[in-house]
There are 2 protein chains.
Amino acid sequence: MARTQGSHSQITGPRVREAALKLFAKHGFAAVSMRQIATEVGVQAGALYNYTPDKQALLFSLMKGHMDELLEAWTSLAQTGTPLERLERFVLFHIRFHLARPEAVFISYMELRNLDRPNFEVIEGLRRDYENALEDILRAGRAEGLFDVADSKIATLAVIAMLTGVTTWYRSGGRLSEDEVARNYWDMVRKAVSA
Amino acid sequence: MARTQGSHSQITGPRVREAALKLFAKHGFAAVSMRQIATEVGVQAGALYNYTPDKQALLFSLMKGHMDELLEAWTSLAQTGTPLERLERFVLFHIRFHLARPEAVFISYMELRNLDRPNFEVIEGLRRDYENALEDILRAGRAEGLFDVADSKIATLAVIAMLTGVTTWYRSGGRLSEDEVARNYWDMVRKAVSA
DNA sequence: GTCTATACAGGGATAGAC
DNA sequence: GTCTATCCCTGTATAGAC
């Protein structure tokens, strides 16, 4: 039997997610209509519902995918070495990972309030898992006398906020390369937590 | 002549702004309707247009008011002392000011993309003015050999991102007082930029 | 799997009575 | 200054033809 005419599920599905990612990042979840997403994909609005039960699920799927990818990328890295080495690895990883997908990062930080309660709690849990990865490093370094942080939880949040901020201004092709920027941040983080 | 019945412009005007501030911060500009704002104030939707030409102007007014207040509060502080003293003053000021008005802060960082072009440029200009205040301090300290920052612009953005992040997690009545938190951040900033 | 058509709710904003 | 009523548009989501 010939394929049904106009059947593109393997292509259209990912394209719906890409279009939603792009538009949500640019205009915000609440400001983007299903019609806009459909136009971007090149289908009619009704067709989107073959790929997502509703708009909320589409947002959640994007955020969940991003957090899963983040955690998996981090845990796949070797966790060996001194706390200082592990911290350096974290800083460079965080900047590289986040600069590589600015749209997903933006959505994951900005659209939390548009998740319904159960979805929010899932994402919050994953975010906390990631924060704990950094806090473990800081605590280990403090236990060894390498680091001097008055409060490891605050230091964790401060470092992550500082590093994530890079996504709001960095543009490739600018004054500094990604590596130079990452080195620069690493200098500041290292000094901030060192004994 | 008796006053027109139901005339409350001096009261309702501020209440419209307060309601909008609260609702925009909680749900996001795009997700909040004029009807919701009206309900919060206790008037009908049409009555709001006595106080703002449209929804966009209401958002801009809130953000502009916040940025003006921020810059005025900072410039009204004495700018004397060594760069180290001035930096400490900036850090403590920034945290105190931002923790005192979490809703305005949230809106001013999250709703930039919902400003139309001319309004966006005004707010961006004010934001840059504020960043420049910090960068001037860092440059002065570097010139005197007090600070060791590889790039004063990056250090500026890193410090502001780190400090502003406090508004995403701090809740009064928590484990640490506002002053303890501010001292904690100041320790990290001082070490991060010191020679 | 995608289309057209449409249901139904809610959006911003305005007009005119009071 | 606020109200009611309303215009007109756009939103999400679904139904049924192809």
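Residue A:Lys153 qualifies as enclosed at atom NZ: its count of foreign heavy atoms under 6.0 Å is above 12. With a 6.0 Å radius and a threshold of 12 heavy atoms from other residues, nucleotides or ligands, B:Lys191 has its NZ atom above the threshold.
Annotation: side chain to side chain contact (heavy atoms under 4.5 Å, CB included) contacts of B:Ala104 (sequence neighbours excluded): B:Leu21, B:His66, B:Arg101. Legend: residues meeting salt bridge (Lys or Arg N to Asp or Glu O under 4.0 Å) with A:Arg190, ordered by chain and number and at least two apart, are A:Asp187.
Rounded to whole angstrom, the span from the CD atom of A:Gln44 across to the P atom of D:dT12 amounts to 14 Å. Note: CG (A:Asn50) to C1' (C:dC3) measures 11 Å, nearest angstrom. In this structure, B:Leu48 atom CG and D:dT4 atom C1' are separated by 15 Å, rounded to whole Å.
A donor-acceptor pair under 3.5 Å links the side-chain atoms of A:Gln56 to the main chain of A:Asp116, judged by distance alone.
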One character per nucleotide, please: for nucleotides 11-16 of chain C, 5' to 3', B when the base has a protein heavy atom closer than 4.0 Å, S when only the sugar-phosphate does, - otherwise. BBBB--
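Taking 4.0 angstrom as the limit, B:Thr12 places a side-chain polar atom (N or O) nearer than this to OP1 or OP2 of D:dT2.
Judged purely by distance below 3.5 Å, without hydrogens or angles, the side chains of B:Tyr130 and B:His94 pair a donor atom with an acceptor atom.
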